**Student:** 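A single structure is presented below for examination.
Just so it is clear, the structure is predicted and the values come from calculations on it, not from any experiment.
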Amino acid sequence: MHRGFDNEVRKLLKEEKEKCIGCNLCMKNCPMLSQYCKTPKELLSRIDEAQQVEAIIPYSCALCGYCTQVCPKQVDLNKVFFTLRINSVGDSGELPKTINYRSVKFHQKNSFSKLFTTNVKGLEEGKKRSIFFPGCSLTAYNPDLVMKTYEYLRKKRPGTGIMMNCCGKPTYSMGDMESFNKYYSTVQSSFDSHDVEEIIVACQNCYKTMAQHSPNQKITSLWEVIADIGIPEDKVNIGADISTIFAIHDPCPTRKEKSIHDSIRKISKELGLKIREMEFSREHTLCCGSGGMLGITNKGLASRQMEKRANQTEEEYIVSYCEECVESMKHGGKKAVHILDFLFNEEMYLKKEFHQGQISTLKRWSNRYTAKRKVSKLRTEGGRGSGNQKK
């Protein structure tokens, strides 16, 4: 199915097309460009001349920003394809069935339902108004890991609150701005009604989304916090006895956040892990294959990128600090683990299996419900919680 577009999109297409010099530096490591064109200039010209675009093209972009990162003229294909997504959704909020938006809508409807969310909990009077926002993926993987992380934060930073919810990034990535704004307004309302000053996020997508849409709150990476307060004493140098070498994968949403990159490597060093940088790391990192909801909108392309990225290291094991990236590396054929597993997953050390297993979709939703129940037991009084659990 093809979609036409408005004058604003036409203007953007012409601007970016004229900037492109056809050097093709973006082609080598972009998940999608080589499938649809010989040069980005050719693709932009074709779309501009036709005054319409096949829906699969903008929904094959991982929205990772790699193209602009390497472009000498700063051609912003990310902006072009995201704008085309917004235009494709339009006022109807509908897309061709092949784009599979229905599954995203299902996920988001449940993610924002009372079954899987809480208001802000655990804040205390007289303390800094900071909350921990673990995000969907990490909670779906291991609710105990989330709660142990929170307990450690409260130990080191007393009075820290917590909130179980979604940042709405899946809806945002699809270009459905009306639905995203509706969802995110409920999250923002909770922040504002509890006078939240700082949001500590574990998810890189949450970090980017909230930095854009919560200007009145300070958005802080969990990794910067842990690097600052130090890792648990019993985990210092625990990795020295692990013979495995772990390649480290940096998620693309925070590719420009040097402080986060440095923090993760400081944490890894304190753990005593043997770390090896991947071929493309830090600000040059590549998408894991899940960016832009690619695993939903173009599964074949996503799978190829997951395999490509996972094999850009000779190491069998990969560590990351994004649960979606961990899943992608597993899908790509490697044994992958989240950095929090090394900090708070005692079962992993008992089994001496330093990688994650497979988890069913049903179990993921069950895990999120379990986490919600745990957080719901934290008392909140008048919007300012005691942080004590009910007896």
**Student:** Go through the structure and list residues passing side chain to side chain contact (heavy atoms under 4.5 Å, CB included) with C64, not counting sequence neighbours.
**Tutor:** A62, Y66, C252, R255, C287

**Student:** Tell me if a side-chain donor or acceptor on S185 pairs with a main-chain N or O of K182 at a distance below 3.5 Å.
**Tutor:** yes

**Student:** So that I can tick it off, tell me whether K73 and E18 are bridged by a salt bridge, with the cut-off set at under 4.0 angstrom between side-chain N and carboxylate O.
**Tutor:** no

**Student:** Would you call E327 and R364 a salt bridge, using N to O less than 4.0 angstrom?
**Tutor:** yes

**Student:** Counting only heavy atoms not in K79 (residues, nucleotides, ligands), do more than 12 fall under 6.0 Å from its NZ?
**Tutor:** no

**Student:** Determine yes or no for a side-chain-to-main-chain donor-acceptor pair under 3.5 angstrom, with K334 supplying the side chain and M329 the backbone.
**Tutor:** no

**Student:** Are any of the side-chain heavy atoms of F133 and F191 separated by less than 4.5 Å?
**Tutor:** yes

**Student:** Regarding R46 and E54, does a basic nitrogen lie under 4.0 Å from an acidic carboxylate oxygen?
**Tutor:** no

**Student:** What residues, two or more places apart in sequence or in another chain, satisfy side chain to side chain contact (heavy atoms under 4.5 Å, CB included) together with N237?
**Tutor:** A240

**Student:** Hey, are E94 and K105 close enough for a salt bridge, meaning a charged N less than 4.0 Å from a carboxylate O?
**Tutor:** yes

**Student:** Under 4.0 Å between a Lys/Arg side-chain N and an Asp/Glu carboxylate O for K155 and E151?
**Tutor:** no

**Student:** Are the side chains of F280 and H249 in touch, meaning some heavy atoms are under 4.5 Å apart?
**Tutor:** no

**Student:** Rounded at 0.5 Å granularity, tell me how far CG in L77 sits from SG in C30.
**Tutor:** 7.5 Å

**Student:** Do V225 and I229 have side chains that approach each other closer than 4.5 Å (heavy atoms only, starting at C-beta)?
**Tutor:** yes

**Student:** Consider side chain to side chain donor-acceptor pair (under 3.5 Å). Of T209, D250, T254, which one does Q204 pass it with?
**Tutor:** T254

**Student:** Whether R282 and D262 form a salt bridge (side-chain N of Lys/Arg under 4.0 Å from carboxylate O of Asp/Glu) is what I want to check.
**Tutor:** yes

**Student:** With the side chain counted from C-beta on, respond yes when R157 and S130 share a heavy-atom pair under 4.5 Å apart, and no when they do not.
**Tutor:** yes

**Student:** Please confirm whether the backbone N or O of H261 pairs with a side-chain atom of R265, one donor and one acceptor, at under 3.5 Å?
**Tutor:** yes

**Student:** Please tell me if the side chains of L84 and V80 come closer than 4.5 Å, counting only heavy atoms from C-beta onward.
**Tutor:** yes

**Student:** Is there a side-chain contact between T117 and S113, using heavy atoms and a 4.5 Å cut-off?
**Tutor:** no

**Student:** For atom CD of E198, decide whether the heavy atoms of other residues, nucleotides or ligands shown that lie under 6.0 angstrom number more than 12.
**Tutor:** yes

